Amino acid sequence: MTKPVRVRFAPSPTGYPHVGNIRTALFNWLFARRYGGSFIVRIEDTDVTRKVEGAEKGILDALRWLALDWDEGPDVGGDYGPYYQSQRLKLYKDAAEKLIAQGDAYYCYCSPERLEEMRAEQVKRKQPPGYDRRCRDLTPEERAEKEAEGIVPVVRFKIPLEGQTRFKDLIYGDVVFENSTLDDFVLLKSDGYPTYHLANVVDDHAMEISHVIRAEEWISSTPRHLLLYQVLGLEPPQFIHHPMILGPDRAKLGKRHGAVSILDYREQGYLPQAMFNFLALIGWSLDDKTEIIPRQVLVDNFSLERIGKTGAIFNREKLEWMNGVYIRSLTPDEFFEAVQPYLMNDIAAGEALIGSEDYVRRILPLVQERAKTLLEVVELTKFFFVDELDYDASMLVGKNMDAQSTVNALKAAQQKLKPMTAFDADSLEAVLRPLAPELGLKTGQLFSVLRVAVTGQTAAPPLFETMAVLGRERSLKRIAAALSKL
RNA sequence: GGCGCAUUCGUCUAGGGGUUUAGGACACCUCCCUCUCAAGGAGGAGAUCACCGGUUCGAAUCCGGUAUGCGCUACCA
């Protein structure tokens with residue numbers, strides 16, 4: 001019997017939900033769903049000084065936005081809780097004490113100042129920085145002395161001086177570290193909180209995590225974790241490290257590269273299903289050609305083996321394209337639902353939406369295939385919602401035309417439109433298309449004059465559909481306004 | 001500096017000894033469609049598979065070295 005798959009996403013609430021972290025969550029979630037396992041969220045709030053108010057909410061919001069539902073964790077609970085490390089302090093303390101008792105850890109009384117000086121000196125002498133183990137073999141008398149001084153110690157791990165630690169990463173293969181290159185890292189801080197290393201090992205075991213899927217930046221920490229499992233007498237989980245997401249300069253994606261919070265992308269009008277698809281495709285591929293992959297197909301086909309080994313630059317242009325593909329695939333109702341919050345954020349569009357949902361619903365199909373993001377829809381539809389168009393009169397004059405012929409064209413169009421009974425796209429086309437030759441103009445010339453008059457733009461949705469949605473009254477009003485500009 | 005990992009078109013990638021004149025996607029260019037813009041269709045350009053050496057009848061694919069990049073090197077995660 002093989003152990004059930006249990007994976008975890010363990011964010012620390014110190015900031016916004018980083019694109020890279022969320023992708024790690026996505027891989028974990030995909031793996032859990034693919035193999036019928038459990039996806040667990042554990043909040044690693046062990047750094048009191050870096051804790052940011054609202055960070056946890058942002059991270060959980062991001063998971064919810066992408067519908068990465070968790071089986072155990074905040075809100076939902078579970079049999080292995082609590083799921084906040086700040087509520088499991090006793091566990092870490094017990095583990096640290098056990099290690100001290102068996103001689104695998106020790107109290108260290110070195111001050112932060114001394115450590116800093118030591119490191120500076122090491123760097124100066126071009127030696128590898130690391131704790132010099134001054135407190136490793138303190139006598140009971142020396143310890144008592146330090147205690148008497150009132151120094152609150154940290155607990156450090158006693159790294160074996162010799163030998164090597166190796167593991168088989170499911171993606172990177174065999175990785176070997178010489179123990180001599182590892183230093184006696186801190187297990188328990190002086191404030192009683194554990195460091196990541198201790199808390200992680202204790203909890204991953206306590207929560208029966210079967211696979212640790214995390215970013216490549218953790219690969220160098222893995223031997224420490226393995227050594228901890230060893231002295232604690234615990235069986236370690238499988239380790240899987242995946243490549244990181246890079247900025248355009250190939251450095252770890254960070255704030256200076258622009259939007260790195262996944263929530264920023266939601267704000268900018270990206271669809272969660274597009275983001276989901278896009279994130280999955282950074283460092284993972286289904287085959288040699290499939291790009292658009294529905295969620296369920298992703299779940300059914302995800303595999304760790306197909307994750308590559310090289311860091312990938314976050315390609316915004318491709319994300320935009322993909323978002324456009326997903327936007328176009330929406331039904332009219334879905335598109336309306338998706339776009340609604342963005343329209344509501346705009347004054348004119350919001351008013352229109354409240355005034356007449358039907359009007360908005362007739363507008364949307366005209367821009368759906370033109371929008372790359374939902375936010376862009378607001379811009380593309382703006383001219384439908386304002387009373388007066390703001391554009392320069394010179395835009396009205398068509399190619400190879402002058403002011404006079406433009407005026408003539410607008411007036412002729414007015415005459416044709418006024419008596420129309422039906423004002424649908426087909427009728428409009430039937431009336432306006434023959435008008436161009438009558439005026440000695442090419443259709444393109446006439447239509448472009450009308451387009452600017454009616455939309456205030458040279459690029460817009462198809463003219464007749466646009467006029468039909470605007471309606472006779474509004475269309476004629478805009479043509480009159482155009483004439484008064486000339 | 002030490003340790004670790006990586007290296008296929010600008011970018012994301014397929015490919016894991018012969019089927020490869022290295023395939024796909026984004027971006028770019030041309031043409032078609034067309035009332036503009038999109039979308040769509042058809043093409044194009046773009047990679048001496050980081051470099052050097054080895055193994056082999058044969059290497060992008062296996063091995064070694066070099067270079068470069070990135071990560072870690074905290075009482076951060």
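Labels below follow one simple rule: chain letters A, B, ... track the order of the sequence lines, proteins then strands, and each chain is numbered from 1. Computed from a predicted model, the values in this text were never measured in an experiment.
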Quiz item: Under 3.5 Å, is there a donor-acceptor pair between the Glu376(A) and Tyr342(A) side chains?
Solution: no
Practice problem: Classify the nucleic acid contact of Glu291(A) as base, sugar-phosphate or nothing, counting any heavy atom under 4.0 Å across all strands shown. | Solution: base
Practice problem: Would you indicate which nucleotide in G2(B), U36(B), A14(B) comes nearest to any side-chain atom of Thr181(A)? | Solution: G2(B)
Quiz item: CZ of Phe384(A) versus P of C37(B): gap in Å, rounded?
Solution: 18 Å
Practice problem: Determine whether any donor atom in the side chain of Ser190(A) lies under 3.5 Å from an acceptor atom in the base of C75(B), or the reverse, and answer yes or no. | Solution: yes
Quiz item: If we call it a pair only when both distances are under 3.5 Å in a Watson-Crick or G-U wobble match, what pairs with U48(B)?
Solution: none
Quiz item: Quick one: is G1(B) close enough that its OP1 or OP2 comes under 4.0 Å of any side-chain N or O from Lys124(A)?
Solution: no
Exercise. Would you kindly say whether Tyr84(A) and Glu56(A) are connected by a side-chain donor-acceptor distance under 3.5 Å?
Key: yes
Self-check item: side-chain N/O Ser448(A) vs U36(B) OP1/OP2, d < 4.0 Å
Solution: no
Practice problem: Scan Tyr193(A) against the nucleic acid and name what it touches under 4.0 Å (heavy atoms): base, sugar-phosphate only, or nothing. | Solution: nothing
Exercise. Using a cut-off of strictly less than 4.0 Å, decide whether Lys372(A) has a side-chain nitrogen or oxygen near OP1 or OP2 of A39(B).
Key: yes
Practice problem: State the pairing partner of G40(B); accept Watson-Crick or G-U wobble contacts with both distances under 3.5 Å, and report none otherwise. | Solution: C32(B)
Self-check item: Thr14(A) side chain near C76(B) phosphate (N/O to OP1/OP2, under 4.0 Å)
Solution: no
Quiz item: Looking at Phe167(A) versus Tyr172(A), is the centre-to-centre ring distance below 6.0 Å?
Solution: no
Quiz item: Is there a side-chain polar atom (N or O) of Arg114(A) under 4.0 Å from OP1 or OP2 of A74(B)?
Solution: no
Quiz prompt | Base partner of C76(B), which must satisfy Watson-Crick or wobble distances under 3.5 Å | solution = none
Practice problem: Mind calculating the distance between CG (Asn323(A)) and P (A27(B)) to the nearest angstrom? | Solution: 13 Å
Quiz item: Are the ring centres of His197(A) and Tyr92(A) closer than 6.0 Å?
Solution: no
Quiz prompt | Separation of atom CG in Leu115(A) from atom P in U73(B), rounded to whole Å | solution = 15 Å
Quiz item: If you check every side-chain atom of Pro128(A), which of C75(B), G1(B), C26(B) has the closest atom?
Solution: G1(B)
Exercise. Would you mind telling me which of A14(B), C76(B), G1(B) lies closest to the side-chain atoms of Thr195(A)?
Key: C76(B)
Quiz item: Roughly how many Å is it from NE2 in His241(A) to C1' in G71(B), rounded to a whole number?
Solution: 11 Å
Practice problem: Report the nucleotide, chosen from A77(B), U11(B), C72(B), that has the shortest atom-to-atom distance to any side-chain atom of Ser12(A). | Solution: A77(B)
Quiz item: When we call it a touch if two heavy atoms are under 4.0 Å apart, what does Ile313(A) touch: a base, just sugar-phosphate, or nothing?
Solution: sugar-phosphate
Quiz item: With a 4.0 Å cut-off on heavy atoms, is Asp174(A) in touch with a base, just the backbone sugar-phosphate, or nothing at all?
Solution: sugar-phosphate
Quiz item: When all nucleic acid strands are considered with a 4.0 Å heavy-atom cut-off, which category describes Arg166(A): base, sugar-phosphate, or nothing?
Solution: nothing
Quiz item: Considering only C5(B), A77(B), A6(B), which nucleotide approaches the side chain of Ser221(A) most closely?
Solution: A77(B)
Practice problem: In whole angstrom, give me the gap between the P atoms of U20(B) and C37(B). | Solution: 40 Å
Quiz item: Side-chain N or O of Arg156(A) less than 4.0 angstrom from OP1 or OP2 on C75(B)?
Solution: yes
Quiz item: Are the ring centres of Tyr270(A) and Tyr326(A) closer than 6.0 Å?
Solution: no
Exercise. Establish whether the base of C37(B) is bridged to the side chain of Arg370(A) by a donor-acceptor pair shorter than 3.5 Å.
Key: yes
Practice problem: Using a heavy-atom cut-off of under 4.0 Å over every strand shown, decide if Leu182(A) touches base, sugar-phosphate, or nothing. | Solution: nothing
Quiz item: What is the distance from CZ of Arg214(A) to C1' of C5(B), rounded to the nearest Å?
Solution: 15 Å
Quiz item: Across the strands shown, which category fits Asp47(A) at heavy-atom distances under 4.0 angstrom: base, sugar-phosphate, nothing?
Solution: sugar-phosphate
Quiz prompt | Distance-only polar pair, side chains of Asn21(A) and Thr24(A), donor-acceptor under 3.5 Å | solution = no
Practice problem: Would you indicate which nucleotide in U73(B), A14(B), G71(B) comes nearest to any side-chain atom of Glu217(A)? | Solution: G71(B)
Practice problem: Please report, rounded to the nearest Å, how far the C1' atom of C5(B) is from the NE2 atom of His242(A). | Solution: 14 Å
Exercise. Under 4.0 Å between any heavy atoms, over every strand shown, what does Ala460(A) touch: base, sugar-phosphate, or nothing? Just pick one.
Key: base
Quiz item: Quick one: is C76(B) close enough that its OP1 or OP2 comes under 4.0 Å of any side-chain N or O from Lys189(A)?
Solution: yes
Exercise. Remember a base hit wins even if backbone is also touched, and classify Phe177(A) as base, sugar-phosphate or nothing at under 4.0 Å, heavy atoms.
Key: sugar-phosphate
Quiz item: To the nearest angstrom, how far is Glu178(A) atom CD from G2(B) atom P?
Solution: 15 Å
Quiz item: For U21(B), what is the paired nucleotide under Watson-Crick or G-U wobble rules, both distances under 3.5 Å?
Solution: none
Exercise. Tell which nucleotide pairs with G58(B), taking only Watson-Crick or G-U wobble pairs whose two distances are both under 3.5 angstrom.
Key: none
Exercise. Would you classify Thr46(A) as touching base, sugar-phosphate or nothing, given that sugar-phosphate means primed atoms plus P, OP1 and OP2, and contacts are heavy atoms under 4.0 Å?
Key: sugar-phosphate
Practice problem: Identify whether any heavy atom of Val367(A) sits under 4.0 Å from a base atom; if not, whether one sits that close to sugar-phosphate; answer base, sugar-phosphate or nothing. | Solution: nothing
Quiz item: When we call it a touch if two heavy atoms are under 4.0 Å apart, what does Gly283(A) touch: a base, just sugar-phosphate, or nothing?
Solution: sugar-phosphate
Practice problem: Examine the base of A25(B) for any acceptor or donor lying under 3.5 Å from a partner atom in the side chain of Lys318(A), and report the outcome as yes or no. | Solution: yes
Self-check item: Any strand: nucleotide that pairs with C5(B) via Watson-Crick or wobble, under 3.5 Å
Solution: G69(B)
Quiz prompt | Cation-pi, Phe157(A) ring and Arg224(A) (6.0 angstrom, 45 degrees) | solution = no
Quiz item: For A6(B), does OP1 or OP2 lie under 4.0 Å from any side-chain N or O of Lys309(A)?
Solution: yes
Quiz item: Is there a side-chain polar atom (N or O) of Arg50(A) under 4.0 Å from OP1 or OP2 of C75(B)?
Solution: no
Quiz item: Over how many whole Å does the gap from Met322(A) atom CE to U11(B) atom P extend?
Solution: 18 Å
Quiz item: Would a 4.5 Å heavy-atom cut-off, applied to side chains only, mark Ile327(A) and Phe335(A) as touching?
Solution: yes
Quiz item: Taking the side chain as C-beta and beyond, is there a heavy-atom pair between Gln230(A) and Thr165(A) under 4.5 Å?
Solution: no
Self-check item: Geometric cation-pi criterion, Arg295(A) with Phe276(A): 6.0 Å, 45°
Solution: yes
Quiz item: Does Arg250(A) place a side-chain N or O at less than 4.0 Å from the phosphate oxygens OP1/OP2 of G10(B)?
Solution: no
Quiz item: Which part of the nucleic acid, if any, lies within reach of Val186(A) when heavy atoms closer than 4.0 Å are counted: base, sugar-phosphate only, or nothing?
Solution: sugar-phosphate
